[in-house]
Amino acid sequence: AQSVTQLDSQVPVFEEAPVELRCNYSSSVSVYLFWYVQYPNQGLQLLLKYLSGSTLVKGINGFEAEFNKSQTSFHLRKPSVHISDTAEYFCAVSDVNGNKLVFGAGTILRVKS
Amino acid sequence: GAVVSQHPSWVICKSGTSVKIECRSLDFQATTMFWYRQFPKQSLMLMATSNEGSKATYEQGVEKDKFLINHASLTLSTLTVTSAHPEDSSFYICSARAPGQQETQYFGPGTRLLVL
């Protein structure tokens with residue numbers, strides 16, 4: 001079985017500053033990794049995913065994440081955040097069959113002006 | 001592409017009544033859809049996997065007789081909360097897999113259920 005740990009429940013940051021949202025996973029098998037964003041009272045939007053190949057994955061809205069197998073991490077980064085990036089971000093993992101998507105507890109990103 | 005819709009977006013009902021929530025894949029056919037529940041300030045928890053033309057697979061602890069799932073077509077899955085009680089109040093979100101992207105789930109906008 002897979003599990004996901006998002007180390008920060010909330011991350012406050014000033015507008016135009018860089019941000020990193022941390023995610024660590026645990027699995028005994030090969031995995032796929034995902035980051036989703038959820039705006040208030042809305043469903044989840046896929047930001048990016050890692051399936052295989054290059055460990056640096058670029059997504060929408062200027063976000064990127066790096067898969068680190070030795071550290072079992074998949075941290076999300078953005079070099080310069082905007083007020084509109086304020087939302088909750090979920091890291092998720094599945095096996096390579098795409099079954100059983102398991103979510104972390106989420107990290108609320110608060111961008112301040 | 002890969003748009004998933006849900007209806008209704010929110011519903012308020014009396015305790016003891018049943019509520020049906022629809023999940024539709026708008027621009028693709030989905031043989032598999034998923035139903036999640038999200039309580040306030042918590043993450044998503046998978047309730048069941050819905051397969052077109054066959055019975056749904058429920059996660060441990062989810063009552064199949066209370067949460068009826070029907071996946072009668074390749075673009076529609078429904079979740080019926082039977083005899084709803086206040087503890088069933090939650091945010092219900094569905095997702096679907098797009099053809100050729102079996103590893104990725106695309107999520108609907110969610111349905112907020114409040115049982116009085």
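Note that the structure is a prediction, hence the values are computed from the model and not measured. In what follows, chains are A, B, ... by sequence order, proteins preceding strands, each numbered from 1.
For B/Glu59, the part lying under 4.5 angstrom from a heavy atom of chain A is the side chain only. For B/Ile93, the part lying under 4.5 angstrom from a heavy atom of chain A is the side chain only. The contact between A/Tyr36 and chain B is made entirely by side chain atoms (from C-beta outward), counting heavy-atom distances below 4.5 Å. Interface remark: B/Thr32 contributes no atoms to any contact with chain A (heavy atom separation under 4.5 Å). For A/Gln38, the part lying near chain B is the side chain, with the backbone staying farther off; criterion is any non-hydrogen pair under 4.5 Å. Looking at A/Leu101, the atoms closer than 4.5 Å to chain B (heavy atoms on both sides) sit in the backbone and in the side chain alike.
Other residues, nucleotides and ligands contribute over 12 non-hydrogen atoms within 6.0 Å of the NE2 atom of B/His85. By the 6.0 Å contact criterion, NZ on A/Lys112 is enclosed, its count of non-hydrogen atoms from other residues, nucleotides or ligands being greater than 12.
Of all heavy-atom pairs between A/Leu44 and B/Phe107, the closest is O-CB, 3.4 Å. In plain terms, the two heavy atoms of A/Gln42 and B/Phe91 that are nearest each other are O-CE2, 3.5 Å. The shortest heavy-atom contact between A/Phe34 and B/Glu103 is CZ-O, 3.0 Å. Heavy-atom minimum distance, A/Gly104 versus B/Ser43: O-OG, 2.5 Å. The two residues B/Gln38 and A/Phe90 come nearest to each other via the heavy atoms NE2-CZ, 3.6 Å.
Between A/Glu88 and B/Lys41 the shortest side-chain heavy-atom distance does not fall below 4.5 Å.
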